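All values derive from a computational prediction rather than experimental measurement. Values reported hereafter were calculated over all heavy atoms of this structure, with side chains retained and with hydrogens, waters and symmetry mates removed.
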Amino acid sequence: MQHELHAHSNLSITNQIQDHGQDMLISVPKEFSFTENYSHLSTATNESLYTLRDGMIYKAIAVDQEAAIVEISNYDEHHMLIRFVDEHQSISSALRIGVAQYVHDWFDLGTDLAPFYKMAAQDPLLEKAVVSFYGLRNMGIPDLYEAICWGFLGQQINLGFAYTLKRRLVEHFGQALTYEGKTYWLFPTAETIASLTVDELSAAGMTTVKKCEYLIDTAKLIVDGTLSKEQLLQVTDVKQAEKLLVKIRGIGPWTAHYVLMRCLRMPSAFPIDDVGLHNSIKHVLKMDAKPTKAHILELSAGWTLWESYATFYLWRFLY
């Protein structure tokens with residue numbers, strides 16, 4: 001049986017970094033385009049956790065009890081530049097390495113896309129996508145709690161409103177870092193949300209009692225150690241990982257596969273019931289109606305171990 005997780009999941013990335021203190025260069029693979037990934041990030045018009053400005057990405061990143069604001073930009077065809085913007089901040093070695101690890105994971109730099117591109121070039125549904133978006137990575141959500149929350153927030157509402165809910169959650173309960181008059185937010189920690197009541201979350205603009213309960217209950221599971229990213233990374237089979245996640249109240253198959261795809265990087269994760277995926281397939285194939293599940297299974301028969309990337313590339317036609 002093929003191993004489900006990509007081999008990079010637990011590898012050290014120190015050999016991929018040139019560390020110059022305030023600046024770091026991080027190696028990028030051949031099949032990488034900073035422009036394509038920047039373009040993808042720019043589609044989120046109400047994003048609260050990063051800022052795009054003049055071709056650069058600004059983001060607050062926390063590592064344990066430390067945090068910093070970084071500027072991420074293209075350096076050359078082999079590297080991205082990570083710059084700690086506050087020159088007066090003392091940046092520990094642990095914070096530098098943690099930030100580099102976060103960026104590496106966020107951009108999914110450890111995945112070799114060459115086999116995916118070879119497969120997709122022969123696939124009627126994917127051939128246009130991999131040409132149109134060559135170098136795009138599955139931009140992830142490295143933090144498990146944040147990934148699950150985004151899954152909860154996106155359930156049964158349109159994407160625009162999901163971003164509004166996320167901004168409310170972040171700006172009420174997240175940590176703010178400021179630099180030169182601009183504010184950069186960190187996603188609320190599980191510890192923070194676990195300490196709240198449903199009424200407190202509702203007052204912050206969360207729309208349903210159930211979503212508030214899901215957010216708090218899951219935060220408590222993470223705080224008490226019942227649920228962790230490390231625990232899930234030990235599971236090598238996507239169906240087994242899905243079973244673990246759907247035991248959690250509020251997580252159904254769609255949310256489970258979304259988390260497995262965007263956070264755990266399971267290549268076979270496949271949110272087959274996703275409306276965006278259905279609309280993308282309808283768009284590419286110029287269909288009059290959305291495809292049935294049986295039709296999608298037929299179309300995806302050749303995607304084995306690349307279902308996650310195939311879905312992400314198809315989404316890109318719409319988002």
Side-chain angles (χ1 to χ4, degrees), residues 5-42 47 49-114 135-147 174-180 182-187 189 228-230 233 262-265:
L5 290 178
H6 286 306
H8 73 279
S9 297
N10 295 307
L11 292 180
S12 168
I13 63 160
T14 51
N15 62 342
Q16 298 176 47
I17 304 166
Q18 297 176 39
D19 191 345
H20 305 291
Q22 293 295 130
D23 293 353
M24 292 187 295
L25 291 178
I26 184 167
S27 299
V28 298
K30 179 186 173 188
E31 295 84 6
F32 176 83
S33 165
F34 184 85
T35 301
E36 279 300 328
N37 290 286
Y38 187 94
S39 177
H40 164 65
L41 292 176
S42 71
E47 176 57 60
L49 295 174
Y50 59 79
T51 301
L52 304 183
R53 193 163 59 244
D54 300 327
M56 299 176 185
I57 304 163
Y58 294 85
K59 182 168 177 59
I61 297 175
V63 179
D64 295 327
Q65 302 304 310
E66 297 183 280
I69 302 163
V70 297
E71 172 193 281
I72 305 166
S73 60
N74 192 44
Y75 185 75
D76 60 28
E77 61 179 322
H78 303 297
H79 301 90
M80 283 195 296
L81 175 65
I82 303 171
R83 172 167 291 156
F84 293 87
V85 300
D86 188 349
E87 296 175 1
H88 302 292
Q89 182 182 4
S90 176
I91 308 295
S92 71
S93 175
L95 181 56
R96 288 200 296 272
I97 295 298
V99 164
Q101 183 70 60
Y102 184 98
V103 172
H104 186 272
D105 193 3
W106 188 25
F107 283 84
D108 197 29
L109 297 179
T111 297
D112 178 9
L113 284 188
L136 176 67
R137 315 300 287 192
N138 176 3
M139 297 295 292
I141 305 174
D143 180 73
L144 178 64
Y145 185 59
E146 181 186 335
Q175 180 186 349
L177 276 65
T178 58
Y179 181 71
E180 292 188 341
K182 293 184 171 59
T183 301
Y184 302 88
W185 291 95
L186 292 165
F187 194 82
T189 64
S228 72
K229 186 174 181 179
E230 291 70 29
L233 283 171
R262 303 297 302 283
C263 181
L264 279 299
R265 302 299 194 181

Verify, without hydrogens or angle tests, whether Lys59 (side chain) and Leu49 (backbone) share a donor-acceptor contact under 3.5 angstrom. yes
Do the non-hydrogen side-chain atoms of Glu31 and Asp112 ever get within less than 4.5 Å of each other? yes
Go through the steps for Lys229 and Cys263 under the test side-chain contact (heavy atoms from CB on, under 4.5 Å), then give the verdict. CA-CA 8 Å; Lys229 186 174 181 179; Cys263 181; 3.9 Å; yes
Give a yes or no on whether Tyr50 atom OH has more than 12 heavy-atom contacts from other residues, nucleotides or ligands under 6.0 Å away. yes
Backbone of Asp108 reached by a side-chain donor or acceptor of Arg137 within 3.5 Å: yes
Look at the side chain of Asn37 and the backbone N and O of Gly135, then say whether any donor-acceptor pair between them is shorter than 3.5 Å. yes
Can you tell me if CG on Asp76 sees more than 12 non-hydrogen neighbours from other groups inside 6.0 Å? yes
side-chain contact (heavy atoms from CB on, under 4.5 Å) between Ile61 and Val103, worked out: CA-CA 9 Å; Ile61 297 175; Val103 172; 4.2 Å; yes
Any donor-acceptor N/O pair, Tyr38 side chain to Asn74 backbone, under 3.5 Å: no
Would you sort out whether Met139 and Leu41 count as a side-chain contact (heavy atoms from CB on, under 4.5 Å), showing the intermediate values? CA-CA 8 Å; Met139 297 295 292; Leu41 292 176; 3.9 Å; yes
Got Tyr102 and Val70 here, is their nearest side-chain heavy-atom distance under 4.5 Å? no
Does the ring of Tyr58 carry Arg53 above it, NZ/CZ under 6.0 angstrom from centre and within 45° of its axis? yes
